[in-house]
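Take a look at the structure set out below.
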There are 4 protein chains.
Amino acid sequence: MGRKSIADIRKEEIIDAFFKVVAEKGLANATIREIAEAAGCSQGMLHHYFENKEAMVLGVVENVIASYTPEFEREISKYHSPTERMQFLFSWFLDTERFDLQFCRAWMEIWILAKTHPAISTALRSCYRVIRDVVAEIIRDGIRLGEFGKVDADIMANLILGSIEGGTLLWVVDAEATPVSAVGEQRAKLFLHYLTGEV
Amino acid sequence: MGRKSIADIRKEEIIDAFFKVVAEKGLANATIREIAEAAGCSQGMLHHYFENKEAMVLGVVENVIASYTPEFEREISKYHSPTERMQFLFSWFLDTERFDLQFCRAWMEIWILAKTHPAISTALRSCYRVIRDVVAEIIRDGIRLGEFGKVDADIMANLILGSIEGGTLLWVVDAEATPVSAVGEQRAKLFLHYLTGEV
Amino acid sequence: MGRKSIADIRKEEIIDAFFKVVAEKGLANATIREIAEAAGCSQGMLHHYFENKEAMVLGVVENVIASYTPEFEREISKYHSPTERMQFLFSWFLDTERFDLQFCRAWMEIWILAKTHPAISTALRSCYRVIRDVVAEIIRDGIRLGEFGKVDADIMANLILGSIEGGTLLWVVDAEATPVSAVGEQRAKLFLHYLTGEV
Amino acid sequence: MGRKSIADIRKEEIIDAFFKVVAEKGLANATIREIAEAAGCSQGMLHHYFENKEAMVLGVVENVIASYTPEFEREISKYHSPTERMQFLFSWFLDTERFDLQFCRAWMEIWILAKTHPAISTALRSCYRVIRDVVAEIIRDGIRLGEFGKVDADIMANLILGSIEGGTLLWVVDAEATPVSAVGEQRAKLFLHYLTGEV
DNA sequence: CATGAATGAGACTTCATTCAT
DNA sequence: TATGAATGAAGTCTCATTCAT
């Protein structure tokens with residue numbers, strides 16, 4: 001668990017700048033020149049640290065995963081019952097300070113890139129599989145402990161994740177017409193009622 | 001109910017070709033040259049019918065709306081109870097023959113474009129607001145008729161739409177890991193149980 | 001001296017439209033489509049009557065010459081003394097109703113074309129040689145009749161024509177800073193004083 | 001009084017090449033490809049130094065002004081009486097080595113561009129206003145010192161400038177028929193006689 | 001490490017001209 | 001005659017990437 005090298009720090013700066021540009025101007029306008037300006041370095045520098053743009057996108061994905069995973073795990077470990085954990089999970093993804101509009105926009109753009117860039121696809125898939133497994137595991141725990149009714153945990157995890165991401169998608173496209181927090185609360189209620197069997 | 005003019009036919013051909021290219025190779029690779037080849041015409045032709053690429057995307061959106069709306073309305077009018085209508089709605093969007101992987105991929109790409117292209121944003125928003133209103137109306141009917149419990153119809157419509165689109169999003173990114181039809185069935189069950197109060 | 005054929009009328013309409021477009025939007029923006037719209041006919045029509053754009057420009061030049069020459073000759077024939085004729089000449093070119101800003105702008109644009117289009121060059125040259133000869137002839141008359149002092153009539157004609165056209169040029173580029181009619185009067189005074197020897 | 005940077009040198013090279021191409025082939029044929037070839041660099045280079053073609057034209061105008069103004073001021077400062085200064089002014093603009101046919105052709109082309117390009121118009125106008133002011137100032141000096149009769153200095157300056165530029169215009173269009181130096185001498189004589197009151 | 005000048009392929013777009021109807 | 005759909009060459013401009021310094 002060595003110290004971060006200068007190169008790593010520089011890489012992170014570039015990734016931050018890149019993500020910022022994507023969030024503000026969109027992926028299509030995130031040119032090397034623009035990123036270099038945002039990062040306060042030359043165009044040559046970028047290619048010194050990242051072979052190409054795809055590598056930078058990969059860096060973003062890894063960076064996002066690396067920075068949020070520990071936080072998520074630390075926080076969720078505070079909750080012990082599946083019901084509470086599930087509640088926390090919904091609220092965590094709903095936190096519009098952590099996942100603000102700009103973040104979500106940039107993230108969606110990258111998501112789309114996955115289609116044509118296998119490496120990005122792989123990174124994203126592994127990221128979401130991890131989350132899906134976490135969710136499924138909570139559900140399985142809930143079933144085992146009798147808090148939740150019997151459902152297919154994997155299908156359910158998929159459904160939950162999809163609902164969360166879909167809510168974000170609608171929000172990104174039409175922020176005004178989307179009462180994101182009210183919808184988020186309703187979502188938590190909906191799924192928990194279904195899982196716990198209450199109405 | 002006039003006949004379609006040659007211009008309209010040609011426009012449709014171009015839009016089809018465009019959509020096909022986007023679905024296959026992604027929006028970034030949907031160059032004028034590529035589209036022209038797919039449409040079997042010259043590059044100049046494209047600009048004869050569409051001022052620029054944005055106009056073509058708008059054409060796609062309008063085309064999709066125009067071709068699916070009548071079908072949807074015709075079909076849903078066969079069902080009368082809110083519960084049946086809601087069931088139909090879920091199954092309609094789940095139909096992977098109509099909305100196959102390629103279609104959904106292209107559609108998601110266009111969605112992302114909305115961020116930087118106001119005209120596209122407007123078109124998409126109006127499209128989704130229409131759907132949202134349809135869903136909300138069904139819910140309100142259900143509440144009025146006593147089939148559904150009391151919920152905020154608009155929030156619920158948002159949630160339903162988000163869940164559907166989010167499911168598609170996950171599917172597009174990781175088709176293998178997404179049992180889309182099982183998830184779809186689960187989704188219908190989930191929402192209908194919640195709405196009708198059954199468990 | 002037969003009647004104008006339909007073809008001739010149509011040609012003239014097109015030339016008028018062309019000249020109007022050039023005056024309003026500049027030669028670079030005088031596309032075939034634009035001209036066709038202004039003339040109220042199809043693009044194909046233009047090529048039916050004029051082989052290409054150069055032919056249209058030639059048509060303009062010929063048209064201008066043909067329409068102004070008779071008027072000029074009719075008017076100038078009313079004056080008999082070289083001094084009066086010279087005075088008329090200055091005032092004729094100074095008439096900003098006949099040669100308004102738009103006319104002059106278009107004319108200057110065409111002028112510049114001469115450099116790269118031999119046929120246009122020929123037409124313009126012959127046009128200006130005619131005017132130069134008229135001016136030189138007046139001067140020679142003046143000298144012969146003792147109204148003017150002895151000067152090189154050809155040089156002087158050149159100088160006069162240059163002054164008139166140069167005044168127009170300045171006007172076209174910076175209409176606000178150019179008191180075109182005051183300058184025109186001064187010009188007439190200047191040359192007539194020089195020619196007649198008065199001060 | 002710092003050294004010129006490489007960027008400045010390169011810019012000047014490009015401007016020179018551009019001006020050369022315009023002079024030889026006309027503005028319409030001064031394509032980026034042609035200019036790049038003349039400058040011995042790639043097309044991309046041109047856009048590295050100049051945002052677009054209009055910027056290049058502006059560069060030309062600024063370059064011409066910057067390179068001739070000091071020379072003109074240095075030279076004219078050698079003459080002290082308004083009469084001599086006026087004489088110098090006519091001869092300076094008449095110098096066909098400095099302002100040769102190619103230079104004048106290119107310059108006229110740029111002039112016409114002013115109509116549709118506001119920035120170019122502004123640059124040219126300010127250039128000519130400076131010259132006009134210089135001429136008017138000489139005239140006012142002459143009047144004050146009693147060398148020149150009373151005339152409206154601004155009108156007169158306009159007339160002089162117009163005559164000079166008009167002479168150039170005729171020369172550019174029909175070099176053969178224009179005895180430019182004889183006309184130039186006559187012009188100097190004409191205006192000086194008028195100003196000084198001699199005949 | 002760092003720079004940014006330089007490249008060149010390729011994108012979008014325009015437009016005179018042709019030609020089937 | 002008349003139309004305007006269709007073409008294709010050519011233009012401007014962008015941008016990831018390379019490389020000498």
Side-chain angles (χ1 to χ4, degrees), chain A residues 5-7 10 14 28-37 39-56, chain B residues 5-11 13-14 27-36 39-56, chain C residues 5-7 10 14 28-37 39-56, chain D residues 5-11 13-14 27-36 39-56:
Chain A
S5 69
I6 291 181
R10 202 51 65 92
I14 293 171
N29 297 98
T31 64
I32 294 289
R33 176 202 293 259
E34 200 94 37
I35 300 163
E37 268 172 28
C41 66
S42 71
Q43 299 181 37
M45 273 299 293
L46 298 192
H47 284 90
H48 188 76
Y49 287 107
F50 295 92
E51 204 185 345
N52 51 34
K53 251 173 127 179
E54 182 171 356
M56 280 174 55
Chain B
S5 70
I6 290 181
D8 285 335
I9 294 171
R10 199 67 84 213
K11 270 190 165 191
E13 283 173 7
I14 292 171
L27 198 59
N29 297 98
T31 66
I32 295 289
R33 175 205 295 267
E34 204 92 35
I35 300 163
C41 67
S42 70
Q43 299 184 33
M45 264 298 292
L46 298 191
H47 289 93
H48 188 73
Y49 287 105
F50 296 92
E51 207 182 340
N52 49 36
K53 249 176 127 178
E54 182 172 355
M56 281 174 53
Chain C
S5 70
I6 291 180
R10 203 48 67 92
I14 292 171
N29 297 97
T31 64
I32 294 289
R33 176 202 292 258
E34 200 96 34
I35 300 164
E37 269 173 27
C41 67
S42 70
Q43 300 180 36
M45 274 297 293
L46 297 193
H47 284 91
H48 188 76
Y49 287 107
F50 296 92
E51 202 185 345
N52 50 34
K53 252 175 129 179
E54 183 172 355
M56 280 174 54
Chain D
S5 70
I6 290 182
D8 285 335
I9 293 172
R10 198 68 82 216
K11 270 190 166 192
E13 284 173 7
I14 292 171
L27 198 59
N29 297 98
T31 65
I32 295 288
R33 173 205 296 266
E34 203 92 37
I35 300 163
C41 65
S42 71
Q43 298 184 35
M45 263 298 291
L46 299 191
H47 289 93
H48 187 73
Y49 287 105
F50 296 92
E51 207 182 341
N52 51 34
K53 248 176 127 180
E54 182 171 356
M56 281 174 52

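Chain letters run A, B, ... following the sequence lines, proteins first and then strands; every chain starts at 1. Model, not experiment: these values are computed from the prediction.
- Nearer to the 5' terminus of DNA chain E, by closest-nucleotide assignment, is the contact made by D:H48 (compared with the other of D:H48 and C:N52).
- Atom CD1 in D:I6 sits about 12 Å away from atom C1' in E:dA6, given to the nearest Å.
- Summarising the geometry, the separation between CE on A:M45 and P on E:dA2 is reported as 4 Å, rounded to the nearest angstrom.
- Under a 3.5 Å cut-off, the side chain of C:N52 and the backbone N or O of C:A55 do form a donor-acceptor pair.
- Across all strands shown, F:dT12 pairs with E:dA11; the Watson-Crick or G-U wobble distances both stay below 3.5 Å.
- Summarising the base pairing, F:dT21 is matched to E:dA2 through a Watson-Crick or G-U wobble pair whose two defining distances lie under 3.5 Å.
- Between the CD1 atom of D:I9 and the C1' atom of E:dA6 there is a distance of 16 Å, rounded to whole Å.
- Among the atoms of the strands shown, none is found under 4.0 Å from any heavy atom of A:F50.
- Two residues, A:E51 and B:G44, neighbour DNA chain F, and the one matched to the more 5' nucleotide by heavy-atom proximity is B:G44.
- Rounding to the nearest 0.5 angstrom, the gap separating the NE2 atom in D:H48 from the NZ atom in D:K11 is 10.5 Å.
- The CD1 atom of B:I35 sits 13.0 Å away from atom CE of B:M45, with the distance rounded to the nearest 0.5 Å.
- Of the candidate nucleotides E:dA16, F:dT7, F:dT17, F:dT17 has the atom nearest to the side chain of A:I32.
- Considering only side-chain N and O atoms, C:Y49 lies nowhere under 4.0 angstrom from the phosphate OP1 or OP2 of F:dT1.
- Proximity note for A:S42 (side chain, C-beta onward) versus F:dT7, E:dG4, F:dT17: the nearest is E:dG4.
- Between B:G40 and C:R10, the residue anchored nearer the 5' end of DNA chain F, judged by the nucleotide with its closest heavy atom, is C:R10.
- Contact record, B:I32 with B:H47: CD1-CE1, 4.0 Å, taken as the closest heavy-atom pair.
- Residue order along DNA chain E, read from the 5' end via each residue's closest nucleotide, puts D:L46 first among D:L46 and C:Q43.
- Here B:H47 does not reach the OP1 or OP2 of E:dT14: none of its side-chain N or O atoms lies under 4.0 Å away.
- At least one side-chain nitrogen or oxygen of B:R33 sits closer than 4.0 Å to the OP1 or OP2 atom of E:dA11.
- Distance B:M56 CE to E:dA11 P: 14 Å, rounded to the nearest Å.
- Of all heavy-atom pairs between A:A36 and A:Q43, the closest is CB-N, 3.9 Å.
- What separates CD of C:E54 from P of E:dC15 is a distance of 19 Å, to the nearest Å.
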